[in-house]
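What follows is a single structure, written as C-alpha cells, with notes after it.
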Amino acid sequence: MTLRSAPRSAAALASLAVVAVPATLAAPPLLAQDPPSVGRDAALALEYPPLSFEPPRARLEHVAGGVPVLFVEDHRLPLVSVFARFKGGYGLFPRERYAAATALPALLRNGGTTALPPDSVDHRLESLAVSTSFGSGGESMFASMNVLTPVLDEALSLWSDILRGPRFDSVQIEVWRGRELESVVRRLDDPRRLAFSEFNRLMYGDHPTGWEMEAADLDPEDLRPELLRAIHREVFCLDNLVLGVTGDVGWDEARGRLEDFLEGWLPCPGPLPEPPQPRIRREPGVYLIPRDLSQSTVVMAHATEVRRGATEEYFASRIGNAILGNSGFSSRLLSRVRTEAGYAYSASSLWTTPRRAPGLVGAITQTRSETTVAAVRLILETIGEMTEAPPSPEEVALAVDQTVNGFVFNFENPSQVVSRQMLYLAQELPRDWLERYVDGIQAVGPEDVGDVFARHVRPEDMIILVVGQPEGFDEGLEVLGDVRIWEVSGVSER
C-alpha cells in the first residue's frame with residue numbers, strides 16, 4: 001500500500017529551514033549548475049520516494065464455543081490488554097428498556113459483583129492496578145481491561161466476575177439515575193447539545209437514533225435489578241461475544257487463559273432482534289427552538305442512501321465531505337463562512353454513512369443572531385456549488401493526502417489495531433477493509449466527487465433546525481421556507 005506525501009510538505013519544511021545568517025558567516029555562492037544546499041529553494045527541491053504503509057493486522061483465532069479472538073503479540077512492555085465486545089445495545093430493545101440498557105455498562109463497573117460489594121471491587125482493581133473501561137452504542141456493549149502481565153490471571157478472574165456476575169447494587173442504581181435526571185435538566189443549558197439531540201429526534205422520531213433520555217424513562221420501576229439482570233442475560237452471553245487480546249503474551253498462553261476465562265459462560269437464550277429500520281423525515285422545512293441567546297446554533301441535513309462499504313460512491317463521499325467542511329481550515333465551508341464572511345467561528349459539514357441504513361448529509365454552524373439567515377444562505381450556496389461542478393484536482397489531491405496520511409495514526413499501538421478490527425468484524429466488513437479503504441480513497445478523482453454530490457446532495461431539500469432568539473435574526477426564517485416551532489421533548493421549562 002502506498003501513501004502519497006502531502007503536497008505542501010516541502011513548503012512546510014522550507015518555512016522551518018529559513019534562518020537569518022550573518023553576512024560574515026555566509027557560504028560562498030554556489031555554481032549555477034549545483035542545486036541549492038540551504039533555504040526555501042533547497043527544501044522545495046527535495047524529492048521523496050512513495051511512502052509504504054502496510055496496516056498492521058490482528059490474527060483471527062477462535063476459542064471455546066467458537067468465540068472469535070483478534071490477537072496481536074507485543075512484548076515491548078509487560079502489559080496485556082483484553083477487549084470484549086457484545087452484540088446488543090439499547091437500540092435493539094423497546095423504549096421501556098432504554099434506561100436499563102443504557103445504564104448496564106456503568107452499573108457493571110460500579111455496581112459490584114455477586115461476591116463483592118462495589119467498594120471491594122474498587123479496592124481489588126486498584127490493588128492489581130487494573131485499568132478498565134465500559135461503554136455501549138446503539139447496537140453493542142463493550143468492555144476492556146489493561147493490566148501488568150504478572151497479575152493477568154487475577155485480573156482476568158476479577159474482570160470475569162464483573163462481566164458475568166453483576167450485583168446491581170441498589171445504591172449505585174440510584175446514583176446513576178440521579179446523574180441522568182440532572183443531565184436531562186441540564187440539556188437546556190447547552191444550545192449545541194440541545195440542537196443535536198433535538199435534530200436527531202426531528203429526523204428519526206421514535207427510533208433509537210432519535211431517542212433522548214427523558215425524566216419519564218428514569219422511573220425507578222424501569223431500573224429494577226431484575227430488569228437489569230434480564231437484559232444482562234440477553235446480551236452478555238457467548239453467542240454475542242467477540243474478544244481481542246494484545247500485549248506481552250503469546251497466543252498459546254493467551255488461548256489457555258481465555259479458555260479459563262470463558263469456562264461456565266452460558267450460550268445466549270435466543271437471538272437478539274434485528275435493529276429497527278428508521279423512517280427518516282424527508283419533507284424539507286425550517287424548525288425553530290426559541291431561546292434567549294445572543295447566537296444561534298444551526299443544524300441542517302437531509303437523508304442520503306450512501307452506505308459504508310467498498311464502493312466508489314462511498315469513497316467519493318468521504319473526500320467530498322472533507323472538501324466541503326470536514327477538513328478544518330482548508331474546507332470550503334470554513335473558508336467561506338468564517339474567513340471570507342466572518343459569520344461564525346466554526347462551520348463544518350456532516351455526511352454519515354451507516355452500514356445498514358440511510359445516513360444524513362448536511363452542515364452545522366453557530367453564528368451571531370444578527371447573521372443567522374445570512375450564514376444559512378451562504379452554507380446552502382456553498383453546498384450547491386459542490387453539486388454543480390466537480391472540485392479542482394488540487395482540492396481533491398489535498399483531501400486525499402490528508403485522509404490517507406492521517407489514517408496511519410489509527411494504528412499507533414496494537415490496542416488501536418485490535419479494537420478497530422473488532423469493530424470492522426462486528427459490522428461485517430471484509431477482512432481486508434483497511435487496504436480497501438486506503439486504496440479506494442486514493443482512487444477518488446474530481447469527477448467522482450462531483451458525481452456523488454450531484455446524485456446524492458440536494459440543498460433545496462435540507463431540513464433546518466435553528467436554536468436561537470428569532471427577534472434578533474437579520475431576517476425572518478420564513479425566507480428559508482415554512483417555519484414551525486419545535487417543542488423540546490422530555491423537559492420542563494425553568
Side-chain angles (χ1 to χ4, degrees), residues 61-70 82-116 121 132-145 156-170 172-173 176 206-209 211 217-244 258-277 355-357 422-423 425-428:
E61 303 284 353
H62 290 81
V63 290
V67 174
V69 182
L70 287 160
V82 186
F83 306 87
R85 188 179 189 92
F86 295 86
K87 179 183 179 182
Y90 65 81
L92 304 186
F93 295 99
R95 181 66 188 249
E96 56 266 25
R97 292 187 167 194
Y98 178 44
T102 303
L104 193 58
L107 293 175
L108 286 178
R109 169 59 187 87
N110 299 317
T113 70
T114 53
L116 295 172
V121 172
T132 63
S133 66
F134 293 80
S136 67
E139 298 179 17
S140 64
M141 299 189 190
F142 39 87
S144 69
M145 68 162 222
L156 272 175
S157 177
L158 177 59
W159 197 53
S160 175
D161 290 342
I162 293 171
L163 293 174
R164 293 169 60 180
R167 176 183 294 244
F168 295 127
D169 180 83
S170 59
Q172 291 300 320
I173 292 174
W176 184 88
D206 188 20
H207 180 273
T209 306
W211 291 350
D217 295 311
L218 296 166
D219 189 285
E221 280 295 302
D222 294 324
L223 288 166
R224 304 184 315 275
E226 54 268 32
L227 178 57
L228 289 161
R229 291 191 186 97
I231 297 174
H232 175 267
R233 176 73 183 89
E234 291 182 62
V235 174
F236 285 77
C237 47
L238 279 182
D239 305 314
N240 293 336
L241 176 60
V242 176
L243 288 170
L258 292 177
E259 299 280 0
D260 293 340
F261 171 75
L262 293 173
E263 186 177 355
W265 279 63
L266 297 174
C268 295
L272 289 165
E274 289 298 313
Q277 284 294 307
R355 185 84 170 112
R356 304 179 186 90
M422 289 175 71
L423 173 63
L425 184 63
Q427 293 184 338
E428 298 178 356

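Sequence positions, counted from 1, serve as the residue numbers for this chain.
- Scanning all heavy atoms of the two residues, the minimum distance from C268 to D239 falls at N-OD2, 2.9 Å.
- Under the 4.5 Å side-chain criterion, counting only non-hydrogen atoms from C-beta, P275 is not in contact with R356.
- Atom CG of D260 and atom OG of S157 lie 10.0 Å apart (nearest 0.5 Å).
- Shortest non-hydrogen contact noted between L228 and I173 is CD1-CD1, 3.6 Å.
- Side-chain contact check for D206 and W211: at least one donor-acceptor pair (N or O, by modelled atom type) lies under 3.5 Å.
- With contacts defined as side-chain heavy-atom distances shorter than 4.5 Å, the pair T113/V121 qualifies.
- Contact between L223 and A103 at its shortest, heavy atoms only, is CD2-CB, 4.1 Å.
- Annotation: the span from F83 atom CZ to L423 atom CG amounts to 12.5 Å, rounded to 0.5 Å.
- No side-chain heavy atom of N110 sits under 4.5 Å from any side-chain heavy atom of W176.
- Remark: E226 CD is packed, more than 12 non-hydrogen atoms of other residues, nucleotides or ligands lying under 6.0 Å away.
- Here salt bridge (charged side-chain N to carboxylate O under 4.0 Å, His left out) pairs that include residues 104-114, with residues two or more places apart or in two chains, are R109-D122.
- Counting heavy atoms from C-beta on, the side chains of S170 and P225 never come closer than 4.5 Å.
- Counting only heavy atoms from C-beta outward, the side chains of L258 and V69 approach each other to under 4.5 Å.
- Rounded to the nearest 0.5 Å, atoms CE (M422) and CG (L70) are 6.5 Å apart.
- Of all non-hydrogen atoms in G88 and V235, the two that sit nearest each other are O-CG1, 3.7 Å.
- If you take OH on Y90 and OG1 on T102, they are separated by 7.0 Å, rounding to the nearest 0.5 Å.
- Side chains of T114 and D161 form no contact here, defined as non-hydrogen atoms less than 4.5 Å apart.
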- prompt: Going through the distances and angles, do F168 and L104 end up as a side-chain contact (heavy atoms from CB on, under 4.5 Å)?
  reply: CA-CA 9 Å; F168 295 127; L104 193 58; 3.3 Å; yes
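- Heavy-atom minimum distance, E428 versus R355: O-NH2, 3.1 Å.
- R233 contributes no side-chain N or O that, together with a main-chain N or O of A230, makes up a donor-acceptor pair within less than 3.5 Å.
- Rounding to the nearest 0.5 Å places CG of L108 at 8.5 Å from CD1 of I162.
- The pair E234-R97 meets the salt-bridge criterion, since a charged nitrogen lies less than 4.0 angstrom from a carboxylate oxygen.
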Under 3.5 Å, which donor-acceptor pairs do the side chains of residues 61-68 form with other protein atoms, sequence neighbours left out?
| unit_1 | atom_1 | unit_2 | atom_2 | d |
| --- | --- | --- | --- | --- |
| E61 | OE2 | R59 | NE | 3.1 |
| E61 | OE2 | R59 | NH2 | 2.6 |

Side chains of residues 134-142: which donor-acceptor pairs under 3.5 Å do they make with residues two or more places apart or in other chains?
| unit_1 | atom_1 | unit_2 | atom_2 | d |
| --- | --- | --- | --- | --- |
| S140 | OG | R85 | NH2 | 3.2 |

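- No side-chain heavy atom of P208 sits less than 4.5 Å from a side-chain heavy atom of F93.
- With hydrogens and angles disregarded, no donor-acceptor distance shorter than 3.5 Å links the side chain of D217 to the backbone of A99.
- Taking CD1 of I231 as the start and CZ of F236 as the end, the distance is 11.0 Å to the nearest 0.5 Å.
- A donor-acceptor contact shorter than 3.5 Å links the side chain of H232 to the backbone of L163.
- Nearest heavy atom pair, residue F261 against residue L243, reads CE2-CD2, 4.2 Å.
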